[in-house]
Structures are given as structure tokens and as C-alpha cells.
Number of protein chains: 2
Amino acid sequence: MHDTFGLVAEPAAAKADPRGAVALAGVALDHRHANSYLARPGDRMKHIFLLIDGWAARYRLLSDGRRQITALFLPGDLCDLAWRDGGKAVQHVIAITAIRALRIELGTFERQIECDPGARTIVDHEAHLLAEAQCEWLVSLGRRSAVERLAHLFCELVERIGAVNAGGVGRCEMPLTQIDMADITGLTPVHVNRTLQQMRRSGLIELKSRQLKLRDFARIKKIAFFRSSADNPPLKNNLPEALKVFQTISGLAAVQTQGRLAHA
Amino acid sequence: MHDTFGLVAEPAAAKADPRGAVALAGVALDHRHANSYLARPGDRMKHIFLLIDGWAARYRLLSDGRRQITALFLPGDLCDLAWRDGGKAVQHVIAITAIRALRIELGTFERQIECDPGARTIVDHEAHLLAEAQCEWLVSLGRRSAVERLAHLFCELVERIGAVNAGGVGRCEMPLTQIDMADITGLTPVHVNRTLQQMRRSGLIELKSRQLKLRDFARIKKIAFFRSSADNPPLKNNLPEALKVFQTISGLAAVQTQGRLAHA
DNA sequence: CGCACACTTGAAGTGCCTCAATAAGTGTGG
DNA sequence: CCACACTTATTGAGGCACTTCAAGTGTGCG
């Protein structure tokens, strides 16, 4: 199932670059393989990404090898707003899956924010969502048990993907390996493994071949002390709106976004 | 030792309110006692604070009593930028010490950002500093040991206060109780106590009667895997600049800021 | 088919927690 | 200035959640 978002300003003016991407006015469609770096510490970033398909992660690496993932970027997220300040990457950002993204020059991006109040609102809101999510991660790492941390992570993912159906069952793609989950939740891969098994045994989740299913969303939320967007400002970003804003200035052909499991 | 920052636009126009505060154009000087709430979850916030003196903390409280502090606000910090989005507080914010702050109406604040590029820069930068600090907290909670967590917290505080002298010795006020430190570092108060003793025994720190001294900043930095602002964009905010911006629009008399131990 | 990587399982260790009690500060009112 | 209440800091003993180390067992892919 596919949806089409965004209107095309000047599709005819769009120019294909050698790698098959389209570039105009500082905005282009970009493709990346899984495990490719979007940024490394010290890199001077000249652009910012609006993720369309695929997942990415930002992480800190200590000199002795310890890794902590500090943010997950999902479709609709801006990656990485931290690059705006000084244009220098401080952390690693890696593609977890293959990725399609709008690559927006920082200059173009700033100009758009300056001129278009709608863009400004979206960006401010995005930044706020990230900050809120990070606070919840702090709570997980500081005060939640292993089961609670994983439960909370899964709740967050399913809500951000927008994949909780009316029956209270949530599903989503789960491209994260157990090592990734460990580096998000501050646990060891071994303990993540045992905790997942415990969660499966107790009928909380199903997880195999990169597919996650939350069997009773309400129950998992309670276990995780999860603040649902039902009672709060929504956790979810707004990909269609963001695409509209930045496609309009790019003259880019309308981008097809993959249908989400949300609709299944 | 006292410094005076900021110029006065219209001191004569400033009007004293019943509590001794001065109000004009949506900006006023505000005083709060230690342990008073600056916000509670659900509160509709009509203003934002620019901290001048004193410390504040933002925290999440789980329904079973577990507490995690998610941010510390020090002099020069804006408290709390999260209130901009929707004007609703999601977390508790409490004064750790007595506080003096510029209370800025949200409307005035937004208008200023809109008109004054300098204000916009300061605010964006402040938000960025907070995000960076939060990432480091994530690393602490997820991947650092108890000693490393406390060492990192102390490094951060001393740098933010701006109190590392040329000799490599850092000092600062330490109004946090061991309970507070526990709720920042995700430990129990008992374990914080034992860890602090260990750090004292090994000659890393001195800490008594609310005064912290880092005896060898370079060594503590290494232990904490601390990213110093020497190699990175500075951790420190810019109180004088911020005061100038917001005092200018307020017609408020120049505010005296307490001399910091940095100068001692 | 075989290599690489993710996942799984077991056994043993430890860093931090829990419970519990005492001591030392700190502020308050008489 | 002391007596009282309350919070903060300290210390001890025992337990558990999570880690570490070390083998395996799938499983996808060229």
C-alpha cells in the first residue's frame, strides 16, 4: 500500500544527478545503504535530512568501546537538528536500515525557517518531540527495570510509527538487533535476550523475523509507565506536512512514502 | 564581589509591584524560596524564566514514587524552553535553592525571538546546550559506573558554572543533597554516599558543607569520559548576553548578579 | 556450501539495591 | 540559647538484577 504526499512546484525543473538523486534549490532525494554513516564526530555537516523511509540512530562511543544510542530517527524525523548549531556533528549517526531521505542544505533550511512560519513550527515541534523522548529515555535508564525499559521502548516505537489499532494491538517493523536494543536501554545484549524471552513467555509481545507485535497495548503501557499521546501532546511527527513544506521549495517530484503497517 | 550587567532602557518607567518585583512589558524580576515549585505537570505556563541566581531542577515522578531528574537549571539558563510548545508543563520544576529570575511572558518572549535575531540565536543555542547535556546524561545512566556518573556530573557543573581555574582546580557551590544526586545519576542515596566516600578517599574530590572542590580536573575528566568545552562548542551559557537582551525590552533596572566562585 | 552475524544458553561473579538503624546537621519556636 | 523536629548523611548486613565469560545454535546471503 502506498500513499503520495506533497505537491510538485516545478517537476520539470528538477534535475537528475549522476547517482539518480534529484537536486534543485538545495534539496535532493538521497538514498543510503544500511550501516552507512550519515555523520561522524567532527564532520562538518552541510545539510540535514528529512527521513522518508528507514531508520537511523545517533550514538556516543566511549574510548573503551562502550556505546550508548542517544536518539532514534524514524520516517518523518529531521536528522539531525543538532547539526544546525555550528554545523558540526558531535556524535555518530548511522543508518540502521536502507534509507531514503530529503537532503536539505543547511542554508536552504535556515532560509525556509526564516520565511515560512509553517516550517518554523514544524521544526520547533520536532525539536520538542525529541527532547520529550529523551527525557523518557533518561527515566528508563535511570529508574526503570530491564522489562520496563524494553516495554517502554516498544510502546514508543509503535506510537511513533503510528501503528496501534483500535483493538489495542500494536505492530511494527523491528529492524533493531538485540545489540541495538541493548545500546538503547543501557543493558547487555545477553540480558536483553533473556528479558525478551521473559516478555514472550508472559505473553506480552511477539517478536521474530524483524516483526514486533504488542499483544495488549494497555497492559504493556502500564508496565512501562508509558505516557501515551492520548493524554499528552502527541509523540508522533507529521511526515506529510514536513514533506509538503520542503518539497514545495525543492521543485522535487512528489515522493512516494511506503505504506506503514499502521494501516494493516 | 558583584558584577552589573545590562543597560536600562527606561528605569523610571519601571513599576514596583506589591511583592517588590518590577513589571513592565511582560518582563519582571521574580524571587522564589528554595523547594518552591516553578511548575507542576499539567500547569498552563504563561511565562518562562531566565535564571539569574540559584538552581532549579526538572523531574519526572513515576506513580510508584521513583524520581528521575531530567535537567538542572543554573544561572543564565532559560527555564523551561519546553513550555514554549503548547505552554503546558509536563514535568515538575522545583527550586533547589532560593532563586532570582527574570520572568518573561511567553507572548513577549516569542515576539522578541521573532524580531531580534540576537535573541533567537541565544535561545536556539540554549536549547542546543540542553540537548547536548541530556545526551551526556543518557550516556551516564546507560553506560557509566557510579564513580564515573558522579565524576561526570561534577565536571559538568563546574564547567557550566565556569569555575575551573588555570591551575586545574575546580570549585563550585553544591546545593544538591545526596538524594538529589541519586535522582540525577539513577542511583540510590545510599550508594551515592558510599561512592562519594570512595572518591574522597582516593583524593579526587572534597565535598563538605555545600562546597565542592575537584582537586585534579584533568584526572577527573579522564575518569568521567568528560567532553570538555575546550575541544567542543562550549557547555556554558551566556548570562550577560541573555540579560542584556531581555532587560532591554523590559525597562527593568540593571540586575546585580552575584559574583561566582569562579572568580575566587 | 560456508562464512558472518545474530541469537541463545549456562555458570559464576559483582555492582548496586534494600532494609534498618544511628549520627550529624539545620531550621524553628519558646 | 536551648530543645525539638525534621531532613540529610553515614554505616552494616544481606540479597538480587544485571554482567561477564564462554560455548553453542540458528539463519541469511554470496
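All chains are named by letter (A, B, ...) in the order of the sequence lines, taking the proteins before the strands, and each is independently numbered beginning at 1.
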Round to a whole Å and report the spacing from CG of A:Asp180 to C1' of C:dC5.
12 Å
Close residues, residues 144-154 of chain B, relative to DNA chain D [heavy-atom separation under 4.0 Å]:
none
Tell me, please, which residues at least two apart from A:Arg200 pass side-chain hydrogen bond (donor to acceptor under 3.5 Å, both in side chains).
none
Compute the bend angle of the helix from C:dC1-D:dG30 to C:dG30-D:dC1 from the end axes (five pairs per end), rounded to 10°.
50°
Specify the separation, in whole Å, of atom CZ of B:Arg194 and atom P of C:dT14.
18 Å
Can you tell whether the side chains of A:Arg143 and B:Asp183 come within less than 4.0 Å, N to carboxylate O?
yes
Contacts of A:Arg149 meeting salt bridge (charged side-chain N to carboxylate O under 4.0 Å, His left out) (sequence neighbours excluded), chain-then-number -> none
Quick one: do B:Glu206 and B:Arg215 satisfy salt bridge (charged side-chain N to carboxylate O under 4.0 Å, His left out)? Show the steps, please.
CA-CA 7 Å; B:Glu206 289 171 27; B:Arg215 301 185 55 186; 3.6 Å; yes
May I ask you to decide whether A:Arg67 forms a salt bridge with A:Asp180, counting only side-chain N to carboxylate O separations under 4.0 Å?
yes
For atom CG of A:Leu207 and atom C1' of C:dA6, their distance in whole Å:
12 Å
Under 30°, 30 to 60°, or over 60°: which ring-plane class applies to A:Trp83 and A:Phe49, parallel, tilted or perpendicular?
perpendicular
Does the protein touch nucleotides 25-30 of chain D at the base, only the backbone, or not at all? Give it as B, S and - per nucleotide, heavy atoms under 4.0 Å.
------
Sub-3.5 Å pairs of nitrogen or oxygen atoms, protein against nucleotides 7-10 of chain D:
unit_1: D:dA9; atom_1: OP1; unit_2: B:Arg210; atom_2: NH2; d: 2.8
unit_1: D:dA9; atom_1: OP2; unit_2: B:Gln178; atom_2: N; d: 2.7
unit_1: D:dT10; atom_1: OP2; unit_2: B:Gln178; atom_2: NE2; d: 2.7
unit_1: D:dT10; atom_1: OP2; unit_2: B:Asn193; atom_2: ND2; d: 2.7
unit_1: D:dT10; atom_1: O5'; unit_2: B:Asn193; atom_2: ND2; d: 3.2

